[in-house]
Participant: 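Below you will find the structure I want to go over with you.
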Amino acid sequence: MSRPPIYEKSLSPAERKRRQYQKDRRAIIDAIGNEDTAPDKALLALMKDVAKSEHAANSAQRAWREFGKRHGWLD
């Protein structure tokens, strides 16, 4: 069962994909500095962007540490 349509018509697949992309990007941005509460998907995205800048590298390091704690690799 799909959700009720927005604005009198349902979303096209492209619109759904765009909204999901925007939601994912917002989660990644919100995860910076809040790695302890960020979803795993956002932490993985932060780790992927490690080579972009020093700020991104620091954020990726915090994300790696939090991801490791969650999954039992690190203390």
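None of the values given here were measured: they were computed from a predicted structure. As a basis for the values below, the full set of heavy atoms in this structure was taken, side chains included, without hydrogen atoms, waters or symmetry mates. Position 1 is the first residue of the sequence, and the numbers go up from there.
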Participant: Look at the aromatic rings of F67 and W73 and report parallel, tilted or perpendicular, splitting at 30° and 60°.
Facilitator: perpendicular

Participant: Please round to the nearest 0.5 Å and tell me the distance separating atom OG1 of T37 and atom CG of L43.
Facilitator: 9.0 Å

Participant: About how many Å separate CD of E66 and CG of N34, when rounded to the nearest 0.5 Å?
Facilitator: 11.0 Å

Participant: Where is the tightest heavy-atom contact between M47 and A63, given as atom of each residue plus distance?
Facilitator: CG-CB, 4.0 Å

Participant: Hey, could you give me the CD/CG distance between Q61 and L46, rounded to the nearest 0.5 Å?
Facilitator: 12.5 Å

Participant: Can you pull the salt bridge (Lys or Arg N to Asp or Glu O under 4.0 Å) pairs that have at least one residue in residues 53-65, sequence neighbours excluded?
Facilitator: E35-R62

Participant: Which pairs would a plain distance check flag for residues 21-30, meaning a side-chain donor or acceptor within less than 3.5 Å of a matching protein atom at least two apart in sequence or in another chain?
Facilitator:
from : atom 1 : to  : atom 2 : distance (Å)
D24  : OD1    : Q20 : NE2    : 2.9
D24  : OD2    : K41 : NZ     : 3.2

